[in-house]
Amino acid sequence: MKRPNPEPCRESDIGKFEIVSRDGAARIGKFHTIHGVVNTPTLLPVINPNIRTIEPRDMWDVFGVECLITNSYIIRNSENLSKEATEHGVHSLLNFPGAIMTDSGTFQSYVYGDIEVEPEEIIEFQKSIGVDIATMLDVFGKPNLNFEESQKIVEETVSRSEISIKTANGMMLNGPIQGGLFPELRALSAEKMSGFNFTIHPIGGIVPLMEKQKYPELIKIISSCRHLIPPSRPVHLFGCGHPHLFAIAVAMGVDLFDSAAYALFARDDRLIMPWGTEKLENITEWPTASKTFFGLSPEQIKSYPKEERTKILAEFNLEISMKEMAKVREAVRNGKIWEYVERKSTEHPSLEKATKLLLEYSDDFEFMNWVKDSTRVQRKRGVLWSKNISNHPYVKTSKELIDSNLNQPKRDAFGNNVNKEEWDIVLIHGVQGPWRMKCKELIQNIFSKFENIQIFLQTPIGIIPYFLEDLNPFSHINGPDEIWDYNKDDLKLKYNSLTIIHGLTTPKKAVEQLINSDLELSDKELNEEDLENYIDTYSIISKTALFTGLNFEVAEEWLSNSSYLKGGTNRIRNVFDSEGEHILSPRLEDGGISLTTIGAKKLYDFYNNKQCNIPIIIIDEGAVPFVSKGRNVMHGFINSVNGKLKPGMPCLIIDTENNLIAHGISNCTNSEAIELKKGIAVKIKSGIK
Ligand code: GUN
């Protein structure tokens, strides 16, 4: 069945990359070319123009391939191929309607030694055959070279960049990052190559590591340079085509992969499975379902003549590779890329080591801090318990936000003012949320029978204040019951006393336990309504301070006399300040908050009084009429950013004269806000005329 040819992208969009969905550094993107949109992350099958194991047109029609990669050096060196390509273009030569990337001969120089072509010549040739994305003639930095040799290669590649860009004269160009096994050289290479007008940055020189399955080395290379590449340029892992590496590389911010493995392995009677390779001779039953082998047994395939067998094995290999990439994209869309990475890590000891290296990071690991900065602190779904869950960027970034905002209320439920160090803390453990339902009576008894009490909750990923009890991911972790038990996680607060109570303890027993801990029963009465109001108020204060960067004490002052509109299950729908204005609404699905226009205006006042550090985006004049009417802020129209933007967190939009014109939820980080030129930067909640 023929699939329609792609629609060319708008001329002004060619070469632009937009992020449409993300999970931290992992991004679902759209890369715009004359031969259609390339949806990323994706795998570019390698086509050897001399041996077309699978016809490129079939790749488009049957496998849904949107971009492939071939070799301009091979085409140039063949009289027939070169003639056809120069006369009719590379798309006609290959009979492929999608985007075509070409490599430059660098890999041939690595395999065969010297090659006979100059940097300008190969760019000119790629231009003459109409490729979408060409590659400069970089120097392949083998991992066995020493520092000085690797440095020379980085410098030589950098020194060829300017002439390559000039010769390309507007054609999109790959600017590979070299540097062997030396993190400082990889970083240097990324910094220098980013300074030129390249469209894509492949990370090169890694094939020998892939062949020897040296995955920890590969991970070290990516983590030394990925975060230094401008966010507007897709990153390609040159020569990485094995499906078991897709998830970890995508989680680290890689957008493009290429694979010759599907054809090379097929020629060798080997099958690419999502978990590794298998020899056809060892297979009795298919261990995975596929369209390619549907209705065919391994015995039948084994009996095929060599050429026919190679073709069908290559089709299977490509099908499985494309399917794995789809699975990875789904994990990104669902915010589960790190869960998937950890699950995949068991497929190979080297992959396990690489994953461990990445997930057992220290606080000064620049790359992982960059990943955390790109990660939302909230999302709708729960998380699955796993060995390293506390280090998953989503969990870690949420926990760090809470830990850096561990504020003590100034009063207890009775209205007594309590100094920060005088609180008696009760830590409830052993029970999974929602605690407001599961431990309702217990909580009510503790709060209303003792003064100076604050309640905290033990979750498998750290302690949280009771006032933030519905916050994702803390309240939504799926795993065995034991993970909710007290685990000696330090409460980084000063306090007078700490009592640990199991969440299933009866209120009577809990009261006894507290008395045994030397706490005195209060002689004051606290009615249920006052207690409910206390919990509601501090939950709103805590969330507002947490998500908007409002100083906690200022939030207490602003919100202490709030009133609430509640829904059927007695949960707050709308919050009104002391003047009766609807300022925000809690989001039930993830424990966050949504500001109203009045709430946003109030926060902007606090910001101007230096009491709030909510990030502010200053947009171009031309975009003001649209954004002030509630249209989203698009990349390319941002002037500057004050404060720190974080995907999923609120921000305010002002014009160049400091007028507040809208508020919304950021999709991006600061560098993305400035550098991306296409896509939605901020999803606007409402415009302010
Ligand atoms: N193919 C695989 N690795 C490389 C590399 O480092 N540079 C280029 N140009 N092509 C490659």
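Only a predicted model underlies this, so the values are computations on that prediction, with no experimental measurement involved. Indexing begins at 1, ligand by ligand and atom by atom, following the structure's order.
Contact annotation: for Asn174 versus ligand 1, there are no heavy atoms closer than 4.0 Å. At a 4.0 Å heavy-atom cut-off, ligand 1 touches Val207 through the side chain alone.
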Report task. May I have the step-by-step check of ring-ring contact (aromatic ring centres under 6.0 Å, His included) for His242 and Tyr215, ending in yes or no? Result -> CA-CA 11 Å; His242 206 296; Tyr215 302 145; 8.0 Å; no

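In this structure, Lys192 places its NZ atom where only 12 or fewer heavy-atom neighbours from other residues, nucleotides or ligands lie under 6.0 Å away. Heavy-atom contacts from other residues, nucleotides or ligands closer than 6.0 Å to NZ of Lys323 number more than 12.
The minimum heavy-atom distance between Arg233 and Met193, with the atom names listed, is NH1-O, 3.9 Å. Pairing each heavy atom of Ala261 with each of Asn317, the nearest pair is O-ND2, 4.4 Å.
For atom 7 (N) of ligand 1, the closest heavy atom belonging to the protein is Asp138 OD2, 2.8 Å. Summary of contacts: the protein heavy atom closest to atom 2 (C) of ligand 1 is Phe107 CD1, 3.5 Å. At the top of the distance list for atom 8 (C) of ligand 1, counting protein heavy atoms only, stands Phe238 CE1, 3.3 Å. Regarding atom 3 (N) of ligand 1, its nearest protein heavy-atom neighbour is Phe140 CE1, 3.4 Å. Among protein heavy atoms, the minimum distance from atom 1 (N) of ligand 1 is reached at Asp103 OD2, 3.5 Å.
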Which side-chain N or O atoms in residues 113-125 pair as donor and acceptor under 3.5 Å with protein atoms at least two apart or in another chain?
| from | atom 1 | to | atom 2 | distance (Å) |
| --- | --- | --- | --- | --- |
| Glu121 | OE1 | Glu118 | N | 3.0 |
| Glu121 | OE2 | Arg76 | NH2 | 2.8 |

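Of the polar atoms of Gly205, at least one N or O is found under 3.5 Å from an N or O of ligand 1, judged by distance alone.
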